[in-house]
Amino acid sequence: MTASLDAFLGSQCGSDAQGQRLADTIRHLSAAAVKVRNTIIEGGTGTDLGGKREATNAGGDVQKELDVLADRVFEEAARASGIAFFGSEEQDAPIPMAAEGDLAIAIDPLDGSSNIDTNVSIGTIFSILPVEDAHRAEPKSVFMQPGHRQKAAGFFIYGPQLLLVLTVGNGTHVFLFSPKFGGFVEMTASVAIAEKTQEFAINASNYRHWDRQMRSYIDDCLAGEEGPREKNFNMRWIGSLVADCYRILTRGGVFLYPGDQRKGYAKGRLRLVYEANPVAMVVEQAGGSATDGVTRILDLVPDDLHARTGLVFGSKREVERVGRYMVDPSAIAERSPLFSKRSLFRA
Ligand code: AFP
C-alpha cells in the first residue's frame, strides 16, 4: 500500500495542536501547488505565463505573470491554514494573518522564473517557522530566526512530474503528485545524499568575479585526475535551484553560488530565509551539508526577510572541502608543490 502524504503528515507532525496545524498547513500548500501545476501545464490563464509585468519584487527582480499568480495562490493557502505571518519574495513586507496563529511561512512562490519560457523545471520553496508572543509586536522579527528553528521545510518541483520534497525534522521524503490517485504519494521514504561526489554545479560564467579561494576550488576540480583532486569532475548547472537541488539529493554533488564582485552580489544571489534555509534543512536531513562557504546556513541569523547569502550545499565531504578552500587553499596538502603529482614525494 503506497503511503500518502496525508498519512505521512498524520503520523509525523505530532498530535499536539501545533503539530496538527503544521500538517494542515502542508496539506493546504500541496493543494496550492497542484493549482500552480495545472496553470503551468494548461499554458496559463490566457496570459503569457513568462510575460514580464512592469513590476519588480522586493529584490528588484522582474516579476513574471506566474510569479504573481503563484504568490496569490500560496497566500490564500496560508490564510486558509491559520498562519500568523506570510513572508514572500514577491512582497516587500510580511503579511499579518491569523492573530493567534503560532506558525509563519516564508516562501519563494515561483523560483526559477527565468526558465518559464524554456519549459525547464521550476519550483516553489517554503519554510515554516514557529511564532511566539514576542514576534507578534514586530512581524519582521519572526523571519529573523536562524534556520535551525524551522518546524518544516521543502519545495515543489513543477517538472515532468510534480514532486514535493519535504522534511518535518525526521529525514527528507519525496512525494509524487498522482492524478490517478488524486493526491501526493510517497516516492522516496528517506533520501540519503552520497557523502562524496565528482559533480559540481556553479554558474561558471561568473568565474572572473569570484574570489581567489573559489577560483582555486573550481580550478582544482577542472584539473581532474592530473590535478590535486586526482579524479575527473562533471559539471551541471540548470539555473533552477529546486532542479539542481533535487539532482543532488538523488545522485550527490555540490552546488555553489558564492558572493562575487558584481554590484549587488557581495552576498550572492540567493535568499537566506526562503531559499537557503529550507534547502539547508532538506539537505541536512538527507545527510548532506549546507554552508555560506564557511558557516552552517542553519546557524546564520537573518537581518531581513529578503537577506541574501552565499550558498554551498550537497555531499557532506565535498562541502567540508570547499570550506577548507575558503579559509586557505594553500593549506590544503594536495595543493602544496611538495605533494603535487610531479613532486619527489609521490610515486
Ligand atoms: P530566477 O527565479 O530569476 O530564475 O532565479 C533563479 C535562481 O534564484 C535559482 O533558482 C538559481 O539557482 C539561480 O537563480 C540561477 O542564477 P543565475 O541565473 O545567476 O545562474
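None of the values given here were measured: they were computed from a predicted structure.
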### Query
Which atom pair, heavy atoms only, marks the closest approach of Ala106 to Val273?
CB-CG1, 3.6 Å
### Task
Without swapping roles, check the side chain of Thr197 against the backbone of Glu199 for a donor-acceptor pair under 3.5 Å.
yes
### Task
Go through the steps for Leu241 and Phe313 under the test side-chain contact (heavy atoms from CB on, under 4.5 Å), then give the verdict.
CA-CA 11 Å; Leu241 178 57; Phe313 69 81; 3.8 Å; yes
### Query
Does the distance from a Lys or Arg side-chain N to an Asp or Glu carboxylate O, for Asp133 and Arg136, drop under 4.0 Å?
yes
### Message
According to a hydrophobic-cluster definition based on side-chain heavy atoms being under 4.5 Å apart (Ile, Leu, Val, Met, Phe, Trp, Tyr only), do Tyr217 and Tyr265 belong together?
### Response
yes
### Ring-face cation of Arg271 near Tyr274 (centre distance under 6.0 Å, axis angle within 45°)
no
### Task
Please answer whether the main-chain N or O of Ser121 pairs with a side-chain N or O of Ser240 as donor and acceptor at a distance below 3.5 Å.
yes
#### Entry: Atom of Phe85, atom of Pro139 and distance for their closest heavy-atom approach
CE2-CB, 3.5 Å
### Query
For Arg317, does its backbone N or O pair with a side-chain atom of Ser315 as donor and acceptor, under 3.5 Å?
no
#### Entry: Side-chain touch Ser190/Gln285, heavy atoms, less than 4.5 angstrom
no
### Message
Side chains of His148 and Met281, heavy atoms from C-beta outward: is any pair under 4.5 Å?
### Response
no
### Query
Tyr257 vs Trp237 aromatic rings, parallel, tilted or perpendicular, using cut-offs 30° and 60°?
tilted
### Message
Test side-chain contact (heavy atoms from CB on, under 4.5 Å) on Phe155 and Asp111; report intermediate values, then the result.
### Response
CA-CA 10 Å; Phe155 53 86; Asp111 184 74; over 6 Å; no
### Query
Is any NZ, NE, NH1 or NH2 atom of the basic residue among Lys231 and Glu225 found under 4.0 Å from an Asp or Glu carboxylate oxygen of the other?
no
### Message
Donor-acceptor check, side chain of Thr167 to backbone of Thr172, threshold 3.5 angstrom: yes or no?
### Response
no
### Message
Looking at Glu132 and Arg149, is any side-chain nitrogen of the basic one under 4.0 Å from a carboxylate oxygen of the acidic one?
### Response
yes
### Message
Quick one: does any side-chain atom of Gln20 pair with a main-chain N or O of Gly14 as donor and acceptor, under 3.5 Å?
### Response
yes
### Query
Atom CG of Asp71 and atom CG of Asp67: how far apart are they, to the nearest 0.5 Å?
8.5 Å
## Note on the structure
Heavy-atom nearest pair, Ala84 first then Val131, reads CB-CG2, 4.1 Å
### Task
Check step by step if side-chain contact (heavy atoms from CB on, under 4.5 Å) holds for Val319 and Thr291.
CA-CA 8 Å; Val319 172; Thr291 70; 3.8 Å; yes
### Beyond-backbone contact of Lys316 with Ser289, side-chain heavy atoms, under 4.5 angstrom
yes
### Query
How about Lys140 and His135: do any of their side-chain heavy atoms sit closer than 4.5 Å?
no
### Query
Linking I/L/V/M/F/W/Y whenever their side-chain heavy atoms sit closer than 4.5 Å, directly or via other members, would Val165 and Met187 fall into one cluster?
yes
### Query
Nearest 0.5 Å, what's the CE-OG distance between Met97 and Ser81?
9.0 Å
## Note on the structure
CG of Leu222 to CD of Glu226, rounded to nearest 0.5 Å, is 13.5 Å
### Query
Does the side chain of Leu5 come within less than 4.5 Å of Glu186's, by heavy atoms?
no
#### Entry: Heavy-atom check, side chain of Thr188 versus side chain of Phe175, under 4.5 Å
no
### Query
Got a second to check how far Cys13's SG is from Arg21's CZ, nearest 0.5 Å?
12.5 Å
#### Entry: Shortest non-hydrogen contact between Ala223 and Pro228, atoms and distance
CB-CD, 4.4 Å
### Task
Indicate yes or no for a side-chain donor-acceptor contact from Gln150 to the backbone of Asn277 under 3.5 Å, with no hydrogens or angles considered.
yes
### Query
Is there a side chain to side chain donor-acceptor pair (under 3.5 Å) between Asp328 and Ser330 once you walk through the steps?
CA-CA 5 Å; Asp328 179 3; Ser330 61; 2.5 Å; yes
### Message
Hydrogens and angles aside, do Tyr207 and Asp219 bring a side-chain donor and acceptor to less than 3.5 Å of each other?
### Response
yes
### Query
Does Thr295 offer a backbone N or O that forms a donor-acceptor pair with the side chain of Asp292 under 3.5 Å?
yes
### Query
Under the 3.5 angstrom rule, does the side chain of Arg208 hit a backbone N or O of Ser205 as a donor-acceptor pair?
yes
### Message
Do the side chains of Glu76 and Arg79 get close enough for a salt bridge, i.e. N-O under 4.0 angstrom?
### Response
no
### Message
Can a donor-acceptor pair be found, under 3.5 Å and without considering hydrogens, that links the side chain of Asn206 to the backbone of His209?
### Response
no
### Query
So, His173 versus Phe8, ring centres under 6.0 angstrom or not?
yes
### side-chain contact (heavy atoms from CB on, under 4.5 Å) between Ile128 and Ile26, intermediate numbers included
CA-CA 9 Å; Ile128 301 177; Ile26 296 168; 4.0 Å; yes
### Query
Hey, is CG on Asp16 packed in by over 12 heavy atoms from elsewhere, all under 6.0 Å?
yes
### Query
Cluster question for you: counting only ILVMFWY and a side-chain heavy-atom cut-off of under 4.5 Å, with indirect links fine, are Val34 and Ile116 together?
yes
### Query
Can you tell if the side chain of Leu66 reaches within under 4.5 Å of the side chain of Ile122, non-hydrogen atoms only?
yes
### Message
Using 0.5 Å steps for rounding, measure from the CZ atom of Arg37 to the OG atom of Ser30.
### Response
13.5 Å
### Query
So which heavy atom on Asp220 is nearest to which on Tyr325, and how close?
OD2-OH, 2.6 Å
### Message
Using every non-hydrogen atom in the two residues, find where Leu249 and Val191 come nearest and quote the distance to one decimal.
### Response
O-CG1, 3.5 Å
### Query
Hey, any chance Val185 and Tyr246 share a hydrophobic cluster, counting ILVMFWY side chains that come within less than 4.5 Å of each other, even indirectly?
yes
### Separation of Leu256 CG from Leu311 CG (nearest 0.5 Å)
8.5 Å
### Query
Is the Phe156-Phe126 ring centre distance short of 6.0 angstrom?
yes
### Query
In the single-linkage hydrophobic clustering (I, L, V, M, F, W, Y; side-chain heavy atoms under 4.5 Å), do Ile238 and Ile202 co-cluster?
no
### Task
Look at the side chain of Glu318 and the backbone N and O of Phe200, then say whether any donor-acceptor pair between them is shorter than 3.5 Å.
no
### Task
For residues Glu75 and Gln91, determine if any side-chain heavy atom of one lies less than 4.5 Å from a side-chain heavy atom of the other.
yes
### Message
With a 4.0 Å cut-off on N to O distance, would you call Asp244 and Arg236 a salt bridge?
### Response
no
